[in-house]
Amino acid sequence: MVQAINRALRTAMAADPEVLLLGEDIGVNGGVFRATEGLLKEFGSERVIDTPLSETGIIGTAIGMALYGLKPVAEIQFLDFIYPGFDQIVSELAKFRYRSGGQYPCHVVIRSPYGGGIKGGLYHSQSTEVYFTHTAGLKVVVPSTPADAQGLLLSAIFDPDPVMFLEPKRIYRAVTGEVPEGDHRVPIGKARNVREGHDVSVFAYGAMIPPATDACQSLEAEGISAELIDLRTLSPLDTSAVLGSVEKTGRAVVVHEAARFCGYGAEIAAVLAEKAFYSLKAPVARVTGFDTPFPYALENLYLPNAARIREAIVATVKAA
Amino acid sequence: MPLLVSGPVATSTLATEIAPEDLPSIYRAMVVARALDERCLTMQRQGRIGFYVPVMGQEAAQVACAWALEAKDWIFPAYRELGLALVRGVTPEELLDQFFGNAADRLKGRQMPNHYGYRDRNFVSPSSPIGTQITQAVGAAMAARRRNDPIVTIPFFGDGATSSNDFHAGLNFAGVFRTPTIFFCQNNGWAISLPRSRQTAAKTLAEKGAAYGVPGVVVDGNDVHQVFRTVRGARARAIAGDGPTLIEAQVYRLGPHSTSDDPRRYRTDAELAEWKQRDPIGRLKHELVDAGQWSEERDSQLLEEVRADIAGAVQRSESVGAADPLSFLDDVYATRSPALEEQRQQLEGWIQTGLVKL
Ligand SMILES: Cc1ncc(C[n+]2csc(CCOP(=O)(O)OP(=O)(O)O)c2C)c(N)n1
Ligand SMILES: [Mg+2]
């Protein structure tokens with residue numbers, strides 16, 4: 001997946017001289033996960049900018065560049081380190097268009113690796129996507145395949161609005177797959193049907209797609225037909241895909257590795273309660289991380305796995 | 001700056017130079033740090049520990065600085081402070097327990113290696129986000145002043161951290177409130193792949209203090225005497241109520257940023273070779289030998305002894321069992337919330353049925 005991200009950046013930069021990158025260790029070092037490998041050589045240090053260690057500096061200057069008409073793509077080394085720049089994101093980036101009555105759109109893309117599974121402990125593992133989905137004015141995208149990573153990133157770079165592009169680092173190298181050539185875009189705001197089913201709808205995204213896929217596949221033998229939807233854009237949510245699936249299956253399981261309380265699953269459950277109540281045959285189930293900081297040595301206990309997802313699906317199907 | 005200096009201020013009576021008889025102990029601490037680094041880098045490659053941040057090259061600055069402090073002074077470390085921890089009496093075994101995240105680890109296996117804190121050593125628990133400890137140290141200094149405790153607080157951070165928000169806010173507050181704080185910046189030349197020149201257009205990091213009314217000093221961090229003398233001086237000033245000091249210790253990171261890093265991607269072998277010649281351990285050894293306080297023979301004896309100690313510690317630490325699986329649900333709050341109580345029971349069930357595994 002990380003190569004697909006690299007390709008999308010290269011494609012966008014080759015297509016449009018206004019696209020430029022900024023972040024820590026992205027130039028000579030090619031990014032700590034190598035997402036920007038080779039780009040400094042190809043596009044030069046005016047378009048691949050190694051910055052001082054300051055997230056507010058990175059995001060604030062990216063905003064200024066965007067106001068002036070460029071298309072900056074900022075890399076924040078780990079999502080856990082974005083908070084020194086949080087003010088620039090929620091008070092500024094998300095609100096520029098709105099507060100200026102539409103005069104100052106601000107199309108910055110912020111890419112950041114996020115999530116657990118690499119033994120990163122408290123500060124290299126967190127899934128805090130809902131801080132951003134809760135902020136009006138930001139789009140939030142999470143790819144789970146190389147093709148989506150490439151296609152969604154290209155869409156994000158040429159989107160008129162600010163986009164938080166969250167990269168599930170656990171599957172940077174673990175998930176591979178074919179990627180179409182060239183400027184092939186995947187639309188923001190559209191979920192992807194990973195597998196069709198009629199007994200239960202499973203909603204997941206990012207690094208939860210592989211274990212959710214395993215869980216759904218393993219239930220086939222037991223006669224449970226699970227539909228798996230990769231949400232891939234968390235904001236704006238593809239509500240019709242969510243409702244359409246549950247109107248068909250009557251059951252829903254939401255999976256995310258972020259903490260449970262006020263996690264993204266709460267929004268899905270609320271949408272279903274409001275808009276699909278009469279289609280539901282069973283309570284909506286959530287398979288999530290725990291309401292704790294992210295632990296180091298015990299991370300395998302923290303992260304939802306295929307077995308937990310499977311159990312939740314079975315319980316939901318058996319409930320009614 | 002009357003706000004906080006409410007009571008009488010103290011005068012430090014501590015010596016301004018290292019006692020010659022202390023030098024072998026200082027040297028020993030540096031040798032232990034180097035040997036533990038080497039051992040941990042190897043164990044990381046073997047997959048026995050998950051990650052490691054070496055201190056290699058910064059031993060003199062850290063050990064001499066810690067030597068100049070008093071045990072009651074509060075250290076606010078970052079993640080590369082092995083030398084400080086050793087002087088504060090943290091044993092290799094305790095450190096290894098933290099690196100393994102085992103049942104004996106005081107942090108209960110929660111933090112990545114190197115993020116250790118020990119309340120009884122006035123060694124505050126660090127996080128990974130760069131710079132955050134700097135303002136906290138200033139706050140602790142304000143509190144100590146309010147209680148008339150004659151101590152200093154001392155945040156440790158790198159050259160990269162001087163670009164962080166908290167560096168600026170911390171110096172500013174310390175200047176305004178004249179806090180007893182020593183800002184100890186280890187300028188090791190690099191912030192991962194970014195050279196010092198990429199963090200600031202200023203000639204030195206120390207001069208950044210001037211804008212906040214905080215005196216800044218550059219020291220050769222490979223010279224234990226200079227570091228000790230400067231820290232003692234800053235400490236005396238702070239205790240006397242004369243306010244904070246920013247110290248820039250110029251050192252070099254001889255190893256990788258961490259075990260996830262490959263420095264050959266961004267720095268030259270020539271640069272590394274040049275700094276290897278200034279290795280602080282070799283330098284102090286020569287000084288001790290020249291002064292007749294040390295010999296090659298004692299040196300190899302020491303190395304052998306230290307390596308054997310560490311090997312023993314590794315063996316003991318590695319045989320300690322894993323952290324209690326349910327323990328990661330503790331310490332979120334002073335008492336467990338109803339939701340956490342429920343999640344704990346759920347997890348217990350999942351462990352019993354084998355649904356989740358370590
Ligand atoms: C706020 C924040 N941004 C980015 C990082 C990622 N990161 C970890 S260490 C580091 C470089 C720090 O350099 P420096 O302050 O010089 O300390 P050194 O590692 O050299 O001791 C970076 C960028 C981080 N930990 N925190
Ligand atoms: Mg540094």
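A, B, ... follow the sequence lines: proteins, then strands. Residue 1 opens every chain.
Listed here is the closest heavy atom pair of A:Gln77 and B:Ile192: OE1-CD1, 3.5 Å. The shortest non-hydrogen separation linking A:Lys119 to B:Met112 is O-CE, 3.9 Å. Residues A:His124 and B:Ser128 come closest through the heavy atom pair CE1-OG, 3.4 Å. Summarising the geometry of A:Leu298 relative to B:Ser327, their closest heavy-atom pair is CD1-OG, 3.9 Å, with the distance given to 0.1 Å. For A:Pro293 against B:Val332, the heavy-atom pair with the smallest separation is CD-CG2, 4.1 Å. When every heavy atom of B:Asn165 is checked against every heavy atom of A:Ser54, the shortest pair comes out as OD1-OG, 4.4 Å.
The candidate from B:Gly354, B:Ser163, B:Ala339 with the greatest count of non-hydrogen atom pairs under 4.5 Å with chain A is B:Ser163. Of the listed residues B:Ala191, B:Ser164, B:Pro325, the one with more heavy-atom pairs under 4.5 angstrom with chain A than any other is B:Pro325. Your options are B:Pro263, B:Pro113, B:Ala161, and the one with the most heavy-atom pairs under 4.5 Å with chain A is B:Pro113. Of the residues considered (B:His257, B:His115, B:Gln343), B:Gln343 shows the highest number of contacts with chain A, using heavy-atom pairs under 4.5 Å. Options A:Ala306, A:Pro84, A:Ser125 differ in how many heavy-atom pairs under 4.5 Å they form with chain B, and the most are formed by A:Pro84. Ranked by heavy-atom pairs under 4.5 Å with chain B, the first of A:Phe78, A:Phe294, A:Tyr296, A:Tyr83 is A:Tyr296. For the set A:Asp291, A:Asn305, A:Val28, A:Asn300, the count of heavy-atom pairs under 4.5 angstrom toward chain B peaks at A:Asp291.
Here the CG-OG1 distance, from B:Asp331 to A:Thr292, works out to 11.0 Å after rounding to the nearest 0.5 Å. Atom CG in A:Leu301 sits 10.5 Å away from atom CH2 in B:Trp350 (nearest 0.5 Å). Between B:Gln111 atom CD and A:Leu122 atom CG the span is 5.0 Å, to the nearest 0.5 Å. Considering OG1 of B:Thr132 and CZ of A:Phe81, their distance stands at 9.5 Å, rounded to 0.5 Å.
For A:Arg260, the part sitting under 4.5 Å from any heavy atom of chain B is the side chain, from C-beta outward, and nothing else. Both the backbone and the side chain of B:Leu329 come within contact range of chain A, judged by heavy atoms closer than 4.5 Å. Within the 4.5 angstrom heavy-atom criterion, only side-chain atoms of B:Ile130, from C-beta onward, approach chain A.
Taking a 6.0 Å sphere around CD of B:Gln46, one finds it holds more than 12 heavy atoms contributed by other residues, nucleotides or ligands. Taking a 6.0 Å sphere around CD of A:Gln3, one finds it holds 12 or fewer heavy atoms contributed by other residues, nucleotides or ligands. The 12-atom threshold is exceeded at CD of B:Glu341, counting heavy atoms of other residues, nucleotides or ligands nearer than 6.0 Å. More than 12 heavy atoms of other shown residues, nucleotides or ligands fall within 6.0 angstrom of atom OH in A:Tyr302.
Side-chain contact between B:Val356 and A:Arg308: present, with at least one pair of heavy atoms (C-beta onward) separated by less than 4.5 Å. Taking the side chain as every heavy atom from C-beta outward, A:Arg34 and B:Arg265 approach each other to under 4.5 Å.
Note: B:Phe328 and A:Phe290 have perpendicular aromatic rings, judged against thresholds of 30 and 60 degrees for the angle between ring planes.
With B:Gln199 contributing its side chain and A:Leu53 its backbone, the two residues share a donor-acceptor pair below 3.5 Å.
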